[in-house]
Amino acid sequence: MVDLKGQYQGIKDQINTKFTEVLESSAFINGPEVHAFQAELESYLGVKHVIPCANGTDALQIAMMGLGLRPGDEVITADFTFAATVEVIALLGFTPVLVDVEPDTFNIDPKAVEAAITPKTKAIVPVHLFGQCANMDAIMEVASKHKVAVVEDNAQGIGATYTFSDGSTKKTGAIGTVGATSFFPSKNLGCYGDGGAIFTNDDDLAHTIRGMVNHGMYKRYHHDVVGVNSRLDSLQAVVLRAKLPNLDAYNQKRSAAADAYDQAFANTKHIVTPYRYGNADSHVFHQYTLLIKNGKRDALVTHLQENNIPCGVYYPIPLHSQKAYASDRFVESDFEVTNRLVQEVISLPMHTELEEEQIAFIAKTVIDFIENNG
Ligand SMILES: *Cc1c(COP(=O)(O)O)cnc(C)c1O
């Protein structure tokens with residue numbers, strides 16, 4: 001699904017040299033590399049504050065802790081996403097309110113969000129799923145109308161640019177009240193272990209969060225709030241500093257691979273290619289995800305596995321049907337789109353090192369199977 005080895009070859013010398021420097025300096029935690037990366041990411045995203053942390057799940061959790069929500073407050077998020085998003089809401093004692101997604105972009109449906117708002121709603125968590133920015137025009141409008149916070153789950157969308165209806169643009173993660181991302185190795189900006197970061201333009205929130213990632217300390221050994229221990233280490237910052245200047249080029253390679261897949265699948269029966277809206281860089285293709293409309297998705301997965309072609313089903317079960325999150329608050333008919341997507345989605349190999357022949361071979365294998373079994 002991903003080729004991290006090939007990507008490493010391009011940045012190997014830089015990373016190896018800097019790794020040695022860090023090993024010699026012994027500044028493993030909060031060293032100069034972490035601070036430099038933080039500043040570079042702030043400038044790339046056009047956001048005032050980046051707070052590095054240990055992983056993307058922590059980033060989401062700490063972002064929500066920083067908002068000062070209380071147990072029982074409602075947080076709205078998408079039914080169709082990775083479990084981390086809803087996990088932290090539940091873990092903090094907030095009430096997860098799951099809503100359906102749009103059938104074309106797979107992103108949270110702003111109309112469903114608005115319908116789910118109650119006096120207890122305190123935050124909306126849009127996920128820029130598979131690398132495409134959610135409809136932030138509509139989400140920000142709903143949020144400001146009802147005075148609730150927006151926490152962007154940007155784990156899959158880093159580097160994407162959103163163009164608002166007035167023509168202005170912003171990087172994903174820098175749009176809402178606070179944003180969170182993951183540097184897990186397979187993400188668009190991945191390190192060689194775990195890593196994550198929180199973004200905000202709000203000075204007070206940034207200050208609160210900076211203490212929270214460090215045991216709630218704002219002054220050494222003075223613990224003002226209950227915090228956590230969540231930090232990015234220097235070796236991971238070295239990797240991220242080597243990759244950040246290449247992020248746009250990496251995302252363009254993903255986009256070019258997506259174009260090649262799109263072309264190969266054009267006019268194919270039963271196969272729907274990813275819908276893109278807005279400007280070309282509003283989708284950074286963390287995943288390239290097809291819809292298989294003839295009921296043969298599972299058979300296709302088996303067929304690809306037999307032919308040694310990696311593929312993935314993200315995600316096979318809606319969150320509202322997961323044992324951990326099921327609730328009698330959820331009504332099955334509210335999740336029509338997610339219930340369908342979990343049966344139709346399939347993600348194909350997508351990374352920066354894909355070659356044209358590989359894409360052609362993968363696409364041909366998919367098309368031959370679907371057309372002969374349609
Ligand atoms: C990867 C991911 C996370 C969690 O990131 P980790 O670094 O693995 O904790 C959260 N949300 C989404 C949508 C993700 O894809």
Side-chain angles (χ1 to χ4, degrees), residues 1-2 4 37 41 50-65 75-92 96 98-99 101-102 105-108 123-134 136 139 150-160 172-173 175-176 178-199 213 228-233 235-237 239-240 243 251 254 274 283-289 312-319 322 324-325 338 341-342 345 347 350-351:
M1 286 299 276
V2 293
L4 298 171
F37 171 65
L41 189 57
V50 165
I51 301 115
C53 65
N55 58 66
T57 309
D58 272 11
L60 281 167
Q61 176 182 331
I62 297 157
M64 286 186 217
M65 285 166 63
V75 178
I76 301 174
T77 194
D79 190 37
F80 190 58
T81 173
F82 182 52
T85 324
V86 67
E87 180 177 60
V88 301
I89 298 171
L91 209 54
L92 292 170
L98 298 170
V99 301
V101 295
E102 298 173 327
T105 64
F106 316 148
N107 275 325
I108 194 165
I124 305 168
V125 187
V127 183
H128 305 310
L129 200 73
F130 303 152
Q132 177 153 241
C133 188
M136 293 306 285
I139 289 162
V150 173
V151 181
E152 293 178 79
D153 181 342
N154 198 28
Q156 301 187 2
I158 197 151
T172 54
I175 302 170
V178 59
T181 204
S182 163
F183 303 125
F184 185 77
S186 65
K187 303 286 158 121
N188 289 38
L189 179 62
C191 57
Y192 294 164
D194 273 310
I198 304 150
F199 324 125
V213 299
V228 294
N229 166 26
S230 188
R231 41 199 178 208
L232 183 72
D233 66 71
L235 292 172
Q236 301 311 333
V239 177
L240 293 165
K243 285 193 181 188
N251 283 339
R254 288 173 176 273
H283 200 325
V284 292
F285 287 98
H286 176 61
Q287 297 293 348
Y288 182 87
T289 304
V313 171
Y314 311 114
Y315 298 93
I317 303 169
L319 288 176
Q322 296 282 2
Y325 306 109
T338 302
L341 291 178
V342 294
V345 287
S347 300
M350 171 51 76
H351 52 83

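From a predicted model like this one, the values you see are computed outputs, not experimental measurements. Each ligand, and each atom within it, is numbered from 1 in the order the structure gives. One is the number of the first residue; the rest follow in order along the sequence.
- Here the closest non-hydrogen pair linking Gly159 and Thr172 is N-OG1, 4.4 Å.
- At a 3.5 angstrom cut-off on N or O pairs, Gln156 counts as close to ligand 1.
- Residues forming a side chain to side chain contact (heavy atoms under 4.5 Å, CB included) with Ile317 (at least two apart in sequence, or on another chain): Ser321, Gln322.
- In this structure, the protein non-hydrogen atom closest to atom 11 (N) of ligand 1 is Asp153 OD2, 2.8 Å.
- If you look at Phe184 and Phe82, their ring centroids are not closer than 6.0 Å.
- The protein non-hydrogen atom at the shortest distance from atom 8 (O) of ligand 1 is Ser182 OG, 4.1 Å.
- Counting only heavy atoms of the protein, atom 9 (O) of ligand 1 lies nearest to Thr57 OG1, 2.5 Å.
- In terms of heavy-atom proximity, Val228 sits nearest to Gln61 at CG1-NE2, 4.1 Å.
- Each of the atoms 7 (O), 9 (O) of ligand 1 lies under 4.0 Å from some heavy atom of Asn55.
- No N or O atom of Val127 sits closer than 3.5 Å to an N or O atom of ligand 1.
- Set against the non-hydrogen atoms of Ala155, the atoms of ligand 1 under 4.0 Å away are 2 (C), 3 (C), 10 (C), 11 (N), 12 (C), 14 (C), 15 (O).
- Looking from atom 1 (C) of ligand 1 to the surrounding protein, the closest heavy atom is Lys187 NZ, 1.4 Å.
- The two residues Asn107 and Leu129 make their nearest non-hydrogen contact at OD1-N, 3.0 Å.
- The shortest non-hydrogen separation linking Cys133 to Ile175 is SG-CD1, 4.3 Å.
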